[in-house]
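Note that these values count all heavy atoms, side chains included, but never hydrogens, waters or copies made by symmetry. These figures come from a predicted structure and were not determined experimentally. Note on naming: letters A, B, ... go to the chains in the order of the sequence lines (proteins, then strands), and numbering restarts at 1 for each one.
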Amino acid sequence: MTVAAIGVDAGSTTLKVAALDAAGTLLWSRLEPASPRTAEQATALLAACASEAGPGKGAPIVATGYGRDLVLGAVRRVTEITCHARGVFAQVGGACTVLDLGGQDTKVLALGASGRVLDFAMNDRCAAGTGRFLEVTAARLGLSLEAFDAAATAAHHEAVISSTCTVFAESEMVSLLARGTPVEAIAAGLHRAMARRVAALARQVGIRPPILASGGVALSGSVRRALSRELDQDVGLPRHAQLLGAVGAALVGLDPSSPGPIRVAGRPRPV
Amino acid sequence: MTLYASVRHGLAVTGGRAVLGVVRWRDTFRRPRAHPHLAPPLRSGVRLKELIARHYLKGRTASSAVPVAWVTSGAPVEPLVALGYHVHYPENHGAICGIRRVAEDLCTAAESAGWSRDLCSYARTDLGVVLTGRTPVGRLPRPDLLVCCTNICQTVLGWYQVLAERFGVPMALVDTPFLYGTAPPHALTYVERQIEVLVEAAERAAGRTLDPGRLHAVTRRSKDACTLWREVVDRARHRPSPITAFDTFVHMAPIVEMRGEACTVDYYAALLEELDGRVARGEGALLEEQVRLAWDNLPIWPRMRWLSDRLAARGAALVASPYARAWGELADLIDPERPVASAARVYLHPILNLGIGQRLAALRALARDCQVDGVLLHSDRSCRPWSSGQADIRDRLVREDKIPALLLEADHSDPRAFSEAQASARIDAFLEGLGA
Ligand code: SF4
């Protein structure tokens, strides 16, 4: 099997590369914490892909993520919204809602029956409802993200954390700890606070079942459970959830009719 | 009004006009730099620059030479023009400060003096100008009269009260009841009485009596200019559109700050002719128009060029906005035979004095007339009257009209409320969804 398209997702927290064959099967992938030198990091990962998965002569490279303009050699640059939509639609094949839970961004996409993005919403200049919220609050509790997830799962009850703002939630947390509230209950409460914020975004665009969560944060079982409870519906985990941006970018590369920036030039035709 | 000031003003105006005439003549022959995605700029832009420069040049020496009024953008200005006032619009000046990127400094000056960052950035810019004396146009004339009309928002009321205190000059208030339909008779009478009181205050401050013949002529010119402006923005119905909403934001300056003057009528007649030429030749404002968009709310002045380039690079033509259309829509209400009574009706009906239902209807009408593929709604951090209700407007456009719509967070003048990375992510994703 030869590489037919490569997707690079230069996100704010991680950089991902995925190589697909002509049938859209994932042949090779790599994920690394994002370095400030996006161009060099992407080039190094693309070189690793060429040597490990085969050169994939003429395979188009499609870049996405905040750093997409810095990926050298990309023939197209497409937003994460389109890529996550493509990645999820390839698995679902119909209308659905995608919760893309990234490190610094949370997006909700409503896909129509043909896979078109009908509407989307993103968190606005604030870390509420993103991976950063969980990272900061877990660190304040002295827990790794895995231990934080496990603590929330083990909780018998949920502490009420009313704020979705990272800074305010932190101070609520401190006063709960001072009152002797168990760490597990606080962890569960924090997951619920985050889920409330994401659910509010989802309601903005209107929920079309099934709901799938992509992005790194979606890997946490506690996050998905809190979201399910908040949205009163199952929240599924697609395959390659964390890689879906890169996979979707490669899918865009496989299908030239898919959307992307169009170069325009020349005089208009009179109508 | 002193003789010395009058002579100085006369010399400045005549000399300035001559210099600006030469600059225009030179600019007419200059070849504009070719843009990769946009048609060459409208030739009328050269004349526009001259008109605006002339207006502010006149302002520099106007104090003590002619009566000066500072007015809100939606104020009944015709009696003032007929009385020979030089009229200064702090909001338009605020837009200039936004475009020239000096608004942030001026806003910060106002914030340091205690005004909240939530206050309209035009108000903060203006208060910053008053506090520091800094302006990109050289010097602003001191007002003899302030005219505040609440048909755009209530913010202007507090803002103009501060100015009145600061300058120690009278403030004439025209309070316009908010409308959810057409104006009831008592609202019309209420506003008409206030305009009469405004005329008396303006006569007192100018030391002159209003000549009904002049008021008739000025009102006639307002009507003519508004009618022409309506035609100008209406040319966006054509495919490709010969004009973008960005063009209208810039070319609307005379209809706001030189309404009632003869040069404004001539200017729009020439602009319309130029647009008709483009239509006849099938030329668009974009070299290749692939999708058409509408805009809701004020422009993001400090990032207008950036946004225009970003959209044009993807073949997205921003063709129209209710904001720019608003002036044209009032044209039919203006009646030069009944200047004061009709002014009451005109100044009660600007779009910002209407309910959210009517704003949605205006946007729908525009989307239909100009056959747009999507709508960008600028959620303006410090202009709440325009921005409240936008989330509902967006939802109804998306759900009921099936028109894709995007809410963009920014501010009309304060660049600190804008994040380029976030805006680009949203705009690019939105355009991808439209197939551009
Ligand atoms: S708040 Fe809005 S309507 Fe009022 S002056 Fe400011 S920009 Fe204009």
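In this structure, A:Arg37 places its CZ atom where only 12 or fewer heavy-atom neighbours from other residues, nucleotides or ligands lie under 6.0 Å away. Within 6.0 Å of atom CZ in B:Arg399, more than 12 heavy atoms from other residues, nucleotides or ligands are found, so the atom counts as buried in its surroundings. Residue B:Arg43 places its CZ atom among 12 or fewer non-hydrogen atoms of other residues, nucleotides or ligands, all under 6.0 Å distant. Residue-environment remark: CD (B:Glu273) stays at or below the threshold of 12 foreign heavy atoms within 6.0 Å.
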Note to self: Set out, in order, the CA-CA distance, both residues' side-chain angles and the distance that settles side chain to side chain contact (heavy atoms under 4.5 Å, CB included) for B:Leu406 and A:Phe120, then state yes or no.
What the structure shows: CA-CA 9 Å; B:Leu406 177 73; A:Phe120 67 89; 3.6 Å; yes
- Task: Might you work through the side chain to side chain contact (heavy atoms under 4.5 Å, CB included) test for B:Arg394 and A:Asp119, ending with a clear yes or no?
- Result: CA-CA 11 Å; B:Arg394 191 203 85 96; A:Asp119 201 0; 2.7 Å; yes
What do the steps show when you test B:Asp428 against A:Arg68 for side chain to side chain contact (heavy atoms under 4.5 Å, CB included), and what is the final call? CA-CA 12 Å; B:Asp428 290 355; A:Arg68 62 180 177 275; 2.8 Å; yes
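The two atoms that bring B:Gly433 and A:Arg116 nearest to each other are O-NE, 3.9 Å, heavy atoms only. Closest non-hydrogen pair, B:Ala421 versus A:Tyr66, comes out as O-CE2, 3.8 Å.
Of the candidates A:Val252, A:Val78, A:Ile81, B:Glu432 forms a side chain to side chain contact (heavy atoms under 4.5 Å, CB included) with just one, namely A:Val78.
Contacts between A:Glu80 and chain B at a heavy-atom distance below 4.5 Å are absent for every atom of the residue. For a residue to count as touching a neighbouring chain, one of its non-hydrogen atoms must lie under 4.5 Å from one of that chain's; by this rule B:Leu434 does not touch chain A.
Atom CD of B:Gln422 and atom CD of A:Gln104 lie 10.0 Å apart (nearest 0.5 Å). Within the model, atoms CG of B:Leu407 and CD of A:Gln204 stand 8.0 Å from one another, a figure rounded to the nearest 0.5 Å.
Look at B:Asp395 and A:Arg203 and you find no salt bridge, because none of the NZ, NE, NH1 or NH2 atoms lies under 4.0 Å from a carboxylate O.
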